[in-house]
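Scroll down for the structure; my scribbles are underneath it.
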Amino acid sequence: MNETNENIPQNNAENITLQNNIPQDNGGNTAEKSINQPCIQGAYPQYTANWTNSPQMMGGYVSSYYTAKKEAPLYKRGECVLALIVALMSVFFVRLVLFVNIGLFATIFCMIMLTTEIIYLKSRGLHVKGFNKLFAVALYIFGTVFAITDNLTVKWLDMLFMIGADAYFVYSVGAQKNDIEKYLPYAMIKALFAYPFEKFDAQARISSDRFSKSNGGKNFKGILGGLLLAVPLTVVVGSLLMSADEGVEHIMYIIGEFFASEGVWSWTGYLLLALPVSCYIFGMLYRNAVRNNIRELNSEECIESMKSFRFISNIVLYTAVTPIILLYIVFFFSQASYFLSAFSGTLPEAFSYAEYARKGFFELCTIAVINLAVIIFMNVTAKKSGEERTAALKIYTSVLSVSTLILIATAMSKMIMYIDTYGLTELRVYTTWFMVLTAYIFVLILVKQFKRGLGIAKLVSIGFTVMFAILCFSRPEVIITKYNIRMYNAGYLNELDMNSIEDMSDDALLAAVDEGVLDVQKAQEISSVCHGEETINQLNLSSLILKNK
């Protein structure tokens, strides 16, 4: 790709200077001759070759060494515009999203940044294929979550989701992919870490190079140099004038107060934090769009990398896992009545509903995590795994998956019993959501053992995205509040916990007002205490509706 920067050669070869010091007489005097010679691309990129004569060596022995040569970055006018937009949006993100409100401003940031990314990538000749068009639509939709809910948990989770998904979107467009990567973990490492940090300094280098070539930049350097030279003299004169005149002292005091004020220090902090954010975003976009000498992800390297982890004999792994399998079998048989009581809706003796359901939840989390870790460890480290996995490995993986699914089903049944008796809370909703997602993953693992070509990375990604969309757009606190109120009114709940409703966000407060169990004025007072009096902190759908009730 040819660049318009005049400092960059218009071909793919890199220029190096070859310096030969050739002796001219027997006295050791030398004359230098310098010639330019193209170097084969990729041999020694961004280095200068220096060949020197050593007069101390008889016969004119020639030695060579390579020294780093800083090259001007490749860029067009588009990169200059992008650098400015990313810098401004990074300040916007830090000031109005992170430190004020993850609400409407976060949605605006997502919309502008995603649109900027698409325009920039297309300007670089990259085609946004069908898969990535759907991907972009999904990102736009998830970007609206910040503006429609007041639930901070959901909004922070959505923020993390958007960061990861957006990085993969840019990577996918840059690599011209039309589907989810088979080796998704490797792709995510490149998208989130390798590519952005590889060009982390690109924004600064491009901005500096462009600025130094402009007349304004040259003048600015001169002005800045003059100001720096004037600092010592200004300090001396200012101190003398302060001693001589109270008016000057008062003015200098006001200036000092301004620079020592909280606002100045706050903005200094915002700008310092926005700097790495800006460098990261620009580096991510620039590396994926300007693909000179890029190290592409390929299946062969991923396979070889995975093979390097396969160092444990299969028989050793089977021997280590067999006692766990036997323990599960004994455990299920000995505790059959305990677990089956959940499906029948009866409570075992000596247990309360809270203790029964809570114990089931911790059992689920612990065993599911252990089983998933064991399955991953077995399939990654076994010498005969992957395409060469044995029937025994499939059986062990299947048994562990089935064991986990049984526990998940039991825990789900117990959780339903708990909800029927005590109603919904945030923890119960998030726990149920997590259990369903975990069950889905283990079902895929089980199917994978019998269907070799199953794209598990793709299916997990799609399933997680769908589940996460349900969590975000259902506004969990609205469901919790309305369910509890209606179950209480129907006589299924003994009491309605208003304290828990008032401790939730404006989503729950608005739902309580709509259901007629909370006064509008009281709800607005609770919201004001939570958000503060500034309207800027209430820029989401629930808060705005509640405020204008």
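Start at 1 with the first residue, then count along the sequence.
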With no hydrogens and no angle check, is any side-chain donor or acceptor of Asn489 less than 3.5 Å from a backbone partner on Ile485?
yes
List the atom of Ala411, the atom of Met435, and the distance in Å for their closest heavy-atom pair.
CB-SD, 3.7 Å
Glu181 and Tyr171: side-chain hydrogen bond (donor to acceptor under 3.5 Å, both in side chains), yes or no, with the steps?
CA-CA 11 Å; Glu181 292 269 5; Tyr171 164 86; 2.9 Å; yes
Of all heavy-atom pairs between Asn314 and Lys383, which one has the smallest distance, and what is that distance?
OD1-N, 3.3 Å
Just by modelled atom types, is the Pro476 backbone N or O under 3.5 Å from a matching donor or acceptor in the Asp507 side chain?
no
Within-4.5 Å side-chain heavy-atom neighbours: Ile180 and Phe131:
yes
Taking Ser543 for the side chain and Leu539 for the main chain, is one N or O donor matched with an acceptor at less than 3.5 Å?
no
Without swapping roles, check the side chain of Ser308 against the backbone of Ser305 for a donor-acceptor pair under 3.5 Å.
yes
Which distance, rounded to the nearest 0.5 Å, do you find between the CG of Asn151 and the CD of Glu477?
4.0 Å
Within-4.5 Å side-chain heavy-atom neighbours: Leu121 and Val128:
no
Within a radius of less than 6.0 Å around CD of Gln521, do more than 12 heavy atoms belonging to other residues, nucleotides or ligands occur?
no
For the residue pair Tyr286 and Phe282, does the interplanar ring angle fall in the parallel (under 30°), tilted (30 to 60°) or perpendicular (over 60°) class?
parallel
Rounding to 0.5 Å, atoms CD1 (Ile416) and CZ (Arg428) come to a distance of 13.5 Å
Stepwise, does the side-chain hydrogen bond (donor to acceptor under 3.5 Å, both in side chains) test hold for Glu515 with Thr481?
CA-CA 9 Å; Glu515 293 294 322; Thr481 303; over 6 Å; no
Flag side-chain contact, heavy atom, 4.5 Å: Ile526 against Met504
no
Looking only at heavy atoms, the pair that brings Tyr280 and Ala191 closest together is OH-O, 4.3 Å
Using the side-chain contact (heavy atoms from CB on, under 4.5 Å) rule, take Leu326 and Val330 through it: C-alpha gap first, then chi angles, then the decisive distance, then the call.
CA-CA 6 Å; Leu326 295 175; Val330 173; 5.5 Å; no
Taking side chain as C-beta onward, heavy atoms only, is Tyr430 less than 4.5 Å from Thr153?
yes
Should Tyr140 and Met111 be marked as a side-chain contact (heavy atoms from CB on, under 4.5 Å) after you check the CA-CA gap, both sets of side-chain angles, and the distance that decides it?
CA-CA 6 Å; Tyr140 277 116; Met111 299 301 171; 3.2 Å; yes
For the student: nearest non-hydrogen atoms of Leu509 and Glu502, plus distance
CD2-CA, 4.0 Å
Whether the side chain of Ser172 engages the backbone of Phe169 through a donor-acceptor N/O pair (distance < 3.5 Å, no angle test) should be reported.
no
Is there side-chain contact between Arg310 and Ser385, with at least one heavy-atom pair below 4.5 Å?
yes
Closest non-hydrogen atom pair, Leu139 against Met162:
O-CE, 3.5 Å
Kindly compute the distance separating CE (Met467) from OG1 (Thr438), expressed to the nearest 0.5 Å.
8.5 Å
Ignoring hydrogens and geometry, is there a side-chain-to-backbone donor-acceptor pair from Lys122 to Leu126 under 3.5 Å?
no
Between Ser398 (side chain only) and Leu446 (backbone N and O only), is there a donor and an acceptor less than 3.5 Å apart?
no
Rounded distance [0.5 Å steps], OH in Tyr186 versus CG in Asn298:
11.5 Å
Nearest heavy-atom approach of Thr432 to Met415 is OG1-CG, 3.6 Å
Output all residues satisfying side-chain contact (heavy atoms from CB on, under 4.5 Å) with Val399, sequence neighbours left out; order by chain, then residue number.
Ile325, Ile395, Ser403
May I ask you to decide if the ring planes of Tyr270 and Phe99 are parallel, tilted or perpendicular, using 30° and 60° as cut-offs?
tilted
Could you please spell out the steps behind the side-chain hydrogen bond (donor to acceptor under 3.5 Å, both in side chains) verdict for Asn540 and Asp150?
CA-CA 6 Å; Asn540 64 78; Asp150 191 45; 3.0 Å; yes
Could you check whether any side-chain heavy atom of Tyr492 comes within less than 4.5 Å of a side-chain heavy atom of Asp420, counting everything from C-beta outward?
no
Could you measure the distance from the CG atom of Leu114 to the CD atom of Glu117? Nearest 0.5 Å is fine.
5.5 Å
Between Gln203 and Phe200, is there a donor-acceptor pair closer than 3.5 Å when you use the side chain of the first and the backbone of the second?
no
Is any side-chain heavy atom of Thr149 closer than 4.5 Å to one of Cys472?
no
side-chain contact (heavy atoms from CB on, under 4.5 Å) between Asn484 and Asp497: does it pass, once the steps are laid out?
CA-CA 9 Å; Asn484 290 344; Asp497 189 356; over 6 Å; no
Sidechain N-carboxylate O distance under 4.0 Å for Asp179, Lys129
no
Using the six-membered ring wherever Trp is involved, compare the ring planes of Tyr418 and Tyr422 and label them parallel, tilted or perpendicular (cut-offs 30° and 60°).
perpendicular
Could you walk me through whether Met417 and Thr421 satisfy the side-chain contact (heavy atoms from CB on, under 4.5 Å) test, starting with their C-alpha distance in whole Å, then the side-chain angles of each, then the deciding distance to 0.1 Å, before giving a yes or no?
CA-CA 6 Å; Met417 289 173 56; Thr421 305; 5.6 Å; no
Give a yes or no answer on whether the side chain of Thr397 reaches the backbone of Lys394 with a donor-acceptor pair at less than 3.5 Å.
no
Could you check whether the rings of Phe92 and Phe109 sit parallel, tilted or perpendicular, using 30° and 60° as the cut-offs?
parallel
Does any non-hydrogen side-chain atom of Val436 lie less than 4.5 Å from one of Met412?
yes
If only atom types and distance count, is the side chain of Ser474 paired as donor or acceptor with the main-chain N or O of Ile470 below 3.5 Å?
yes
So ring pair (Phe, Tyr, Trp, His ring centres under 6.0 Å) across residues 376-412, not counting sequence neighbours, yields Tyr318-Tyr396
Supply the atom-to-atom distance Gln524 CD to Asn548 CG, rounded to the nearest 0.5 angstrom.
8.5 Å
Quick one, Thr404 with Asn371, criterion side-chain hydrogen bond (donor to acceptor under 3.5 Å, both in side chains). Give me CA distance, side-chain angles, the key distance, then yes/no.
CA-CA 7 Å; Thr404 308; Asn371 286 357; 2.5 Å; yes
Run the salt bridge (Lys or Arg N to Asp or Glu O under 4.0 Å) test on Asp506 and Arg475 for me, step by step, so that the C-alpha distance in whole Å, both residues' side-chain angles and the decisive distance to 0.1 Å come before the verdict.
CA-CA 11 Å; Asp506 288 356; Arg475 297 198 297 169; over 6 Å; no
